[in-house]
Each structure stands twice: as structure tokens, then as C-alpha cells.
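Just so it is clear: chains get the letters A, B, ... in the order the sequence lines come, proteins before strands, and each one is counted from 1. Source: prediction; values computed, not measured.
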Amino acid sequence: MKNIHMDAQTIRQKFLDFFRSKGHNIIPSSPMVIKDDPSLMFTNAGMNQFKDIFLGTAPFRHKRIANSQKCLRVSGKHNDLEEVGHDCYHHTMFEMLGNWSFGDYFKKEAIGWAWELLTDEFRIPKDRIYTTVFEGSSEEGISMDGEAFDHWKQYLDEDRILTGSKKDNFWEMGDTGPCGPCSEIHVDLRPDQERNKVNGRDLVNKGHPQVIEIWNLVFIQYNRRISGELERLPKKHVDTGMGFERLCMVLQQKTSSYDTDIFQPVIRQISIMCDKKYGDNEQVDVAMRVISDHLRAIAFAVADGQLPSNTRAGYVIRRILRRAVRYYFTYLEQKQPLIFKLVPSLVASMGHAFPELQAQQQFIEKVIREEELSFLRTLESGIKRLDQIIAEAGRGKSAMINGLLAFELYDTYGFPLDLTELILKEHNLTVNRSEFDEGMKQQRQRSKTDAAVDTGDWIMVNDDAEGQQFIGYDHTSADVLITRYRKVKSKEGEFFHLVFDRTPFYAESGGQVGDTGYIVRGNDRISVINTIKEHNLTVHLTKKLPADIAAQLRAQVDVKARMDTARNHSATHLLHYALRKVLGNHVEQKGSLVHPDYLRFDFSHFQKLGEDEIRKVEILVNEMIRNNHDVHIREDSFENARKAGAMALFGEKYGDRVRMVQFGDSIELCGGTHIENTCQIGYFKIISESSIAAGIRRIEAITGSGYERFVEKQETVMKELNLLLGNPPDLIKAVSNLLDEKNQLQKKITLHNQQQINATKDTLLRQVKKVGDINLIYGETPMLDSAEAVKDTAYQLRNQVENLCLILGSLINEKPLLTIMIADNLVKEKNLNASDIVKIAAKEIQGGGGGQPFYATAGGKTPGGLSKAVEKAVETVFGKKV
RNA sequence: GGGGAAUUAGCUCAGUUGGCUAGAGCGAUUGCAUGGCAUGCAAUAGGUCAGGGGUUCGACUCCCCUAUUCUCCA
């Protein structure tokens with residue numbers, strides 16, 4: 001097939017230009033990491049950022065939109081992770097080109113434009129294109145999508161239009177939500193010779209690597225309810241997605257997306273670094289593909305603010321990186337961090353389309369390098385543990401290792417199973433897979449049952465035709481109507497989610513915690529425990545429902561908490577500004593928590609802040625507070641806000657209209673609630689500075705009444721200390737004197753104890769009784785007051801007296817203690833056992849004990865029996881009274 | 001959110017069913033050997049066994065709580 005060669009950059013641009021010419025608005029990709037949707041961690045399809053529009057919980061500003069969206073498919077319904085690298089077209093991170101219609105054009109235009117773009121603009125030969133339409137489903141009560149079929153018929157022969165089942169041609173977002181039939185476009189890339197042998201029609205959707213789907217046109221016309229039934233949507237939408245990497249592969253006439261100019265520069269660099277050629281050895285090729293793919297996923301995730309961690313989204317990123325490390329570790333024989341060195345190459349090829357990569361290049365490299373190092377360490381300790389297991393197996397002469405051991409290695413030490421198997425193979429060993437799987441199954445079961453959340457259907461109450469309105473910037477209480485509610489059961493208990501027609505409650509977002517407060521009608525008062533945002537809806541959490549669900553209620557925000565939160569939020573802006581002033585403009589916000597009691601701010605910076613830097617930041621912030629800056633809040637276009645110098649955050653989703661919050665020179669885009677003038681913050685104090693990951697520092701600080709409580713606490717400590725020490729003129733000196741004194745006394749006690757021991761030893765040495773060749777010492781130790789001292793005495797005598805048999809009765813804290821020490825040679829020659837003897841003698845003090853053959857102790861309850869116990873021990877040793 | 005593990009000398013780690021009053025290697029200090037160095041030999045210092053409770057005659061070891069870190073599942 002012949003067409004003009006285009007590089008990736010041009011292809012992307014042509015797509016966008018084409019749809020712009022068809023009246024579409026071109027918008028930027030939304031972040032890959034998702035923040036306000038509990039059912040999804042990453043953007044896994046182009047339509048994610050429009051989900052709220054499809055669900056009807058957000059308004060739309062444009063009827064036609066097109067963009068290139070960065071996506072990640074690594075978990076949940078779409079999980080391609082394990083495929084990546086082994087074939088030539090699966091990817092974790094990929095770009096999805098898409099055009100959308102919101103209640104505007106439908107099947108006719110969507111199909112017509114797709115055909116025009118592919119055949120006119122991109123010059124894909126028409127005889128290589130096949131399309132599919134939904135065949136219908138009796139189970140759902142839907143007939144075949146004849147509409148789509150008829151439109152296609154205008155462009156291709158009927159035998160090139162196939163019908164497909166629910167699996168391939170009915171698209172659903174999740175278990176519930178908007179859905180509808182879809183129509184796929186497939187391209188046959190095989191050489192003519194093969195095309196003549198087998199009809200391409202028979203290979204569509206059959207997993208053939210060169211007959212591939214490149215574009216899916218989804219016609220959203222239904223909503224799936226929890227009950228499973230479909231309801232027709234009042235407004236129909238178009239949602240299309242074309243895999244950018246696959247499109248490039250087609251247009252550049254490659255048989256693998258890894259051969260396109262998207263991946264080749266990186267693969268060439270890996271090849272140079274490892275001194276191995278791409279294309280010579282399948283395992284090496286797989287490894288290089290894995291690394292070049294995963295590099296993109298990780299770099300983009302980090303650029304969007306998602307750091308590798310051990311929970312949720314961060315954990316997924318960590319696992320992707322580890323998979324890459326694991327491949328170069330084994331197949332490219334590299335034992336040093338490598339992926340971070342590829343970042344410049346990635347930035348060179350994608351930085352212009354995604355400026356967030358370029359701006360944070362150094363930071364991304366640092367984070368990746370640290371992660372690589374940490375996993376290489378994990379591998380090292382895992383190999384150590386595995387060596388032990390191999391050694392034990394060698395003794396057992398079994399060729400199969402217990403699967404639970406391999407599971408332990410995986411579960412506890414993070415050591416991958418395939419690597420375990422590979423290393424074992426070198427020792428002619430295998431793993432019992434079914435045992436391993438069993439361990440895995442149990443682990444899954446445990447997690448699932450504990451994390452189960454049961455979310456009910458929304459129940460609509462009052463008609464919310466007006467949509468929901470947030471009035472919390474200006475009001476802290478309002479009369480509201482409940483528009484919908486549902487019940488949610490989880491391990492923590494049963495909650496209700498309430499949505500109002502308008503609300504003064506601020507939902508958790510942008511790091512600021514949700515408002516608390518109550519709703520009330522007459523005597524019916526219900527606490528609002530928290531407020532969260534879900535699909536653009538403000539959801540109020542309560543423990544019960546109002547008696548009259550449809551009636552008007554008074555909603556009241558906890559004003560004290562709201563004001564304290566506002567103080568901390570405004571202070572966060574000042575802190576951000578001050579950090580950039582003091583440390584430099586490389587400081588980027590990486591996370592933030594604004595709580596009524598304190599604030600937490602994470603930011604990129606490569607070293608610990610010095611005492612002087614912290615002071616400088618505090619001084620700067622407090623100066624701004626005292627300068628009485630009024631807050632200026634206004635809405636403007638994103639474009640204008642940037643021009644005005646507002647700081648926007650990477651990984652944050654901004655609409656066309658943004659809210660600018662300004663205090664003096666600090667301007668940020670922010671939807672949070674703020675105080676009116678900086679002086680309301682009162683005072684700002686940093687209470688801790690720490691590191692949370694490579695290249696990221698965390699500052700915790702307090703303001704206003706939080707600072708009052710802090711000072712109060714410090715004062716109380718000082719007062720009480722002074723009181724305890726009798727108001728000394730110099731508190732520090734007083735404490736240090738006290739410590740010195742304590743040390744001296746400690747030394748004196750040690751010395752005194754040693755003297756007591758020596759004195760005891762002297763007394764006992766005078767009482768040595770020769771019984772045969774045994775030097776018997778027995779008696780009591782009135783001078784010793786600790787078990788430790790008795791032990792010392794016994795051990796010292798052991799070194800001084802040969803053929804020793806020592807039997808001591810002591811009174812420690814009014815409790816009797818019996819000690820027996822027997823010389824090593826006597827233990828052997830005379831078959832004496834201190835442990836046995838002490839057990840017999842301890843009966844006299846109603847106690848028990850034991851120890852080793854040469855040394856044993858016993859404690860008891862009756863001090864009166866001590867002397868009898870000593871005698872009993874002597875009798876036991878010699879079989880008679882001595 | 002749930003499970004598993006780790007925390008012992010400056011560093012890397014041993015430490016047996018609870019008991020030989022806590023060990024090794026590297027590093028540090030000192031001395032010796034050598035013309036000097038690489039180095040070798042010897043000695044010494046260095047420990048709240050993460051912190052707090054409990055069980056026991058006796059806890060680095062067993063149990064509970066807390067902190068930090070690692071790891072797996074969701």
C-alpha cells in the first residue's frame with residue numbers, strides 16, 4: 001500500500017486540524033491520573049473527561065470537541081499490562097484521538113467524517129478497510145444497528161461491513177452508566193500476496209496482528225441501571241476513539257507500533273546502552289519493547305503528579321516500573337538503573353505535544369532513578385532469601401519447591417514469580433504452581449471481603465431541572481431541597497449520600513477537606529459528617545435520612561471549622577509563593593491537604609530545607625499576613641489567567657473558565673474557600689519539614705487558633721518544667737546539671753553494686769567446702785538486691801573457682817530466687833544438671849524454673865523456704881546431707 | 001482499606017524449642033611488622049537489641065500496643 005510518509009507529530013496535527021475544520025473545538029488532554037471518580041484510577045479512554053457530561057451531572061460548553069487524550073490501561077476492565085512487549089501493538093500508555101458530539105451530530109456525520117479522514121486525508125486504500133456494526137441482542141431487546149449499516153453502505157461494499165456481537169460492538173463504560181452500539185473500523189495491512197489467499201473479511205476481530213481495529217465509533221443512546229435494564233437517553237452522543245500508535249503504524253507502513261518513530265528513538269538508545277541489537281533475539285526485543293512502553297507510562301504519570309507508592313494509583317505505577325526493571329535485569333543483563341537515562345530521549349520526541357513532560361524532566365528522572373534503585377535492592381534481598389530456599393531444597397532432595405515459599409517471596413519481599421522460577425531452573429528446581437495460586441487466591445479473597453462497598457441506586461426526589469448550584473463562597477447556610485439520595489454500606493457502617501438543589505457545603509477537592517455541619521427541619525437535626533465530590537455532584541454524607549425527604553431543609557455549615565480551613569488554605573498559597581521566592585522556581589506543588597487544624601504542603605525540591613531557609617519562609621509568609629492583603633477572586637478564561645501569571649498545577653483538570661485567587665503577588669487557580677484579608681490568618685508557623693519521596697519535601701504548618709494552641713502547649717511545658725525544678729534562673733543549665741548528676745549517680749550505683757558483689761564473693765569464697773573433688777559453695781546473699789547482681793556473682797565465681805558447685809539463695813524484691821552454677825567439667829563428668837536440680841529444689845519455695853545444665857535459676861512465692869531450698873539442692877547434688 | 005514482613009555496633013547483616021551475662025564482616029582508633037606503600041597481624045572503643053506494656057525464675061527471642069520502612073492484594 002502506498003501513501004505519503006508522515007511522522008507522528010504530523011499525523012496528530014492532521015487529525016486535529018481535520019476536526020477543527022468540521023466545527024470542533026480542540027481541547028488539551030486531561031490528566032492521566034483521575035482524582036474525583038472512585039471507580040477509576042486512570043484515564044483509560046478518551047471519553048473519561050466527558051463522563052460527567054454523558055451522565056448528565058455536568059453541563060457542556062461545546063457541542064463538538066476533538067482532542068488527543070493520554071490514556072493508561074493497566075488495571076480493572078481493560079488490563080493489557082501482561083500483554084505489553086510480547087506482541088507488537090499493545091501498550092500501557094497510549095494516545096487516543098477522538099471526536100465527540102454532545103447532543104449534536106450523530107451516526108451519519110460520524111461515519112462520513114471518519115471515512116473522509118482515513119481515505120482522503122490519510123490516503124488509506126479503500127479496499128483495505130472493513131467496518132463492523134452491532135448485530136443486535138434479543139436478551140437486551142435491541143435490534144441490529146441498521147442505521148449505521150445504511151450509512152456505511154454509501155462508502156463501502158456490503159460484504160466489507162460485518163456485524164458483531166455484544167462483546168465487540170456494544171460499548172459500556174462500566175457496570176452502569178451511558179452505553180450504546182458501536183461501529184469499528186479495521187485495516188488490513190497484509191501484503192497483497194496474502195490478501196489474495198485469505199479474504200481480510202475473515203480475519204476481522206480474530207486477533208490477527210495485521211488485520212487490526214484502529215477506530216471505534218460509539219453511539220451513546222442508552223443508560224445502564226444497576227438493575228441491568230437499559231433506558232433510552234433523551235440526548236444522543238457520539239464518542240469515538242482512534243489509537244494514535246496504531247494509526248501511526250498504519251500510515252508509516254510498519255507491522256509493529258514499536259517500529260514507528262514514536263518508539264524507535266528510545267529503543268535505539270536502549271540498544272546502545274546495553275550493547276544489544278533490536279531484532280536479533282526475541283527475548284531481548286521483548287525486553288526493549290517493554291522498557292520503551294513502560295517508560296512512557298511512568299514518565300507521564302509522574303508528570304501528572306502521580307508518584308510511585310505502595311497504595312492505589314501510586315502502586316500501579318510502581319508495578320509498571322518494576323516490570324520494566326525486571327526485564328532489563330534478566331534479559332538485557334543490566335544491574336544498574338537505566339530507565340531514568342531514557343527520559344531525555346522521550347522528552348525530545350513528545351515534549352512539544354505535552355509540555356508537562358518538558359517542564360518537569362529533571363524531577364521525573366530523579367523519581368524514576370530512586371524507584372529503580374529501590375527495586376534493585378529488593379531483588380538483591382529476594383535473591384538472598386531464594387539462595388536459602390535452594391540450599392534447603394538441596395538437602396531435601398526434592399525437585400519441587402513449596403509454592404507457598406514462592407508466594408512468601410512474592411508477597412513479602414516483592415520478588416516476581418517468573419524470576420523465582422528462572423533462578424530455580426538453573427538449579428533444576430521448579431515451583432509448585434497450584435500452591436502458589438492458592439496463596440494468591442486466599443490473599444485476594446481477604447482483600448475483597450474487607451473492602452466491599454455496597455452502593456445503592458440513586459433515588460430521585462425533587463426534580464433537579466436546574467442542576468446543582470454551589471453557593472458556599474458567599475453563604476454558610478441556606479434553605480435547600482434534596483434532589484436525590486442513596487444508601488451506601490461499607491465496613492465502616494451505613495451512610496446516606498444526599499444531593500441538594502443548591503448547597504453551601506464545600507466538597508473535598510483541591511486538597512481542602514469537605515465541610516461538616518448539619519441539616520435541620522424543626523426538631524429533626526442531622527449531622528453532615530463529610531462532603532465529597534463525585535462526578536461533579538456535591539454529595540453530603542449523613543448517618544440517617546430526614547423524616548420528610550421531600551421537604552425543604554435548612555443546611556448549616558460548621559462556620560468555625562470552615563473559617564479555620566480558610567485560614568489554612570490562604571496560608572497554603574502564601575507558603576507556595578514564599579517557597580518559590582526563597583528556594584527558586586523549580587518548586588512545584590505536588591500535593592496539598594488543607595484541614596481546619598493544620599495544613600500540609602508537598603513540593604518538588606531536591607534537598608532538606610535548612611533551619612535558616614525555614615525561618616526565611618516563615619518570616620516572608622508572616623510579613624505578607626501583616627501586610628493586610630485583601631483577597632481578589634475573579635473568574636476568567638484559562639488563557640487570560642495564565643497571562644496574568646497565575647500558577648496552574650500539572651495533573652490538574654481545568655475548564656475553560658477558571659477561578660483566580662490573588663493575595664498581593666501570589667496568584668493561583670483555585671476553587672477553594674478563602675479568608676477576605678491575609679491578616680485573618682493571624683500567624684503562620686511551620687511545625688515540621690520532611691521528605692516523602694525522592695525529590696519531594698513535605699511541610700506541615702499551623703495558623704490562627706492552631707498556633708494559639710501550639711504556643712499554649714509550649715508554655716504549659718515550660719511552666720511545669722520550671723515548677724518541677726523550682727524556678728531556676730537558667731532552665732537549660734538546670735536540666736543539664738540534672739543529667740550530669742544522674743550520670744554520676746549511675747556510675748556510683750554500678751560501683752556500689754560491684755562492691756556488693758565483691759564482698760559477697762569474698763564471704764562465699766571463705767565458705768568453700770571440699771566434698772570429694774567438688775568445691776561446694778552454698779548460702780544466701782543478703783547484700784545483693786538484683787537478679788543481675790546474683791548472675792554476675794555466679795559467673796565471676798565460675799571463672800575463679802574450679803570444680804565449682806554453687807548454690808545460692810537470694811531475696812530480690814521480697815521474692816525468693818534460687819541460683820545454681822556448676823563447673824562445665826562436673827556437668828560432663830558427674831552428669832550433673834543444674835536445670836534438673838533447680839526444679840526439684842524450687843518446690844521448697846513453691847516456684848519453678850530452669851535453665852541450662854551448668855547454670856539455672858528458679859523463682860518462688862515463699863521466702864521462708866529459701867534456706868530449705870538451698871539445703872534441698874545440696875542434697876540433690878550429693879544424694880545426701882553434707 | 002486488608003494481609004505478610006523488617007527494625008540488633010557508624011554501615012551490611014548473623015543470633016537454634018526463651019537460657020553459653022549480645023556476635024561477624026566492613027569501617028574507626030591504637031599498636032606491631034615493612035626503608036616506604038599496597039597490605040598483613042594484634043588489640044581497643046562502639047549496643048536503650050525501634051519505643052512502650054505484658055507473660056516468665058529468666059525475653060533480642062513469645063504476646064499486645066505504637067512508630068517507621070518494605071511488600072502483596074483491592
**Among B/rG3, B/rC57, B/rU21, the one nearest A/Leu817 by side-chain distance** =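 So the nucleotide nearest the side chain must be B/rC57.
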**Minimum-distance nucleotide to A/Thr857 side chain [options: B/rC57, B/rU21, B/rC72]** =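 Ranking B/rC57, B/rU21, B/rC72 by closest atom to the A/Thr857 side chain puts B/rC57 first.
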**Prompt:** Does the ring of A/Tyr855 lie flat against the base of B/rC20, closer than 5.5 Å centre to centre with planes under 30°?
**Reply:**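 Stacking is absent between B/rC20 and A/Tyr855, given that the ring centres and planes do not meet under 5.5 Å and under 30°.
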With respect to the phosphate group of [N], does any side-chain polar atom (N or O) of [X] fall under 4.0 Å of OP1 or OP2?
X: A/Tyr410; N: B/rC73; answer: yes
X: A/Arg319; N: B/rC73; answer: yes
X: A/Tyr413; N: B/rC70; answer: no
X: A/Arg444; N: B/rA74; answer: yes

NA contact type, [X], heavy-atom cut-off 4.0 Å: base, sugar-phosphate, or nothing?
X: A/Gly851; answer: base
X: A/Gly414; answer: sugar-phosphate
X: A/Gly860; answer: nothing
X: A/Phe415; answer: nothing

**Prompt:** With no hydrogens and no angle check, do the side chains of A/Asn432 and A/Asn402 hold a donor and an acceptor under 3.5 Å apart?
**Reply:**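 Result is no, nothing qualifies.
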**Prompt:** If we call it a pair only when both distances are under 3.5 Å in a Watson-Crick or G-U wobble match, what pairs with B/rG35?
**Reply:**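 Because no pair has both required distances under 3.5 Å, B/rG35 counts as unpaired.
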**Request:** Go ahead and name the base partner of B/rG58; Watson-Crick or wobble counts if both distances stay under 3.5 Å, otherwise write none.
**Result:**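 Paired with B/rG58, as far as the under-3.5 Å criterion goes, is no nucleotide at all.
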**Request:** Identify the residue among A/Arg600, A/Arg698, A/Glu700 that makes a side chain to side chain contact (heavy atoms under 4.5 Å, CB included) with A/Leu593.
**Result:**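 When side chain to side chain contact (heavy atoms under 4.5 Å, CB included) is applied between A/Leu593 and each of A/Arg600, A/Arg698, A/Glu700, only A/Arg600 qualifies.
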**Request:** Go through the steps to decide whether A/Tyr410 and A/Phe415 satisfy the test ring-ring contact (aromatic ring centres under 6.0 Å, His included), and finish with yes or no.
**Result:** CA-CA 4 Å; A/Tyr410 171 76; A/Phe415 203 73; 9.8 Å; no
**Asked** Does a side-chain N-to-carboxylate-O contact under 4.0 Å join A/Glu494 and A/Lys543?
**Response**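 No, this pair does not count.
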**Prompt:** With rounding to whole Å, what would you report as the distance between B/rA14 and B/rU8 at their P atoms?
**Reply:**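 Result for the P pair: 10 Å, nearest Å.
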**Message:** Here's one to test your reading of the geometry: is the NZ or CZ of A/Lys366 within 45 degrees of the ring axis of A/Phe340 and under 6.0 Å from its centre?
**Reply:**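 Checked: cation-pi criterion not met.
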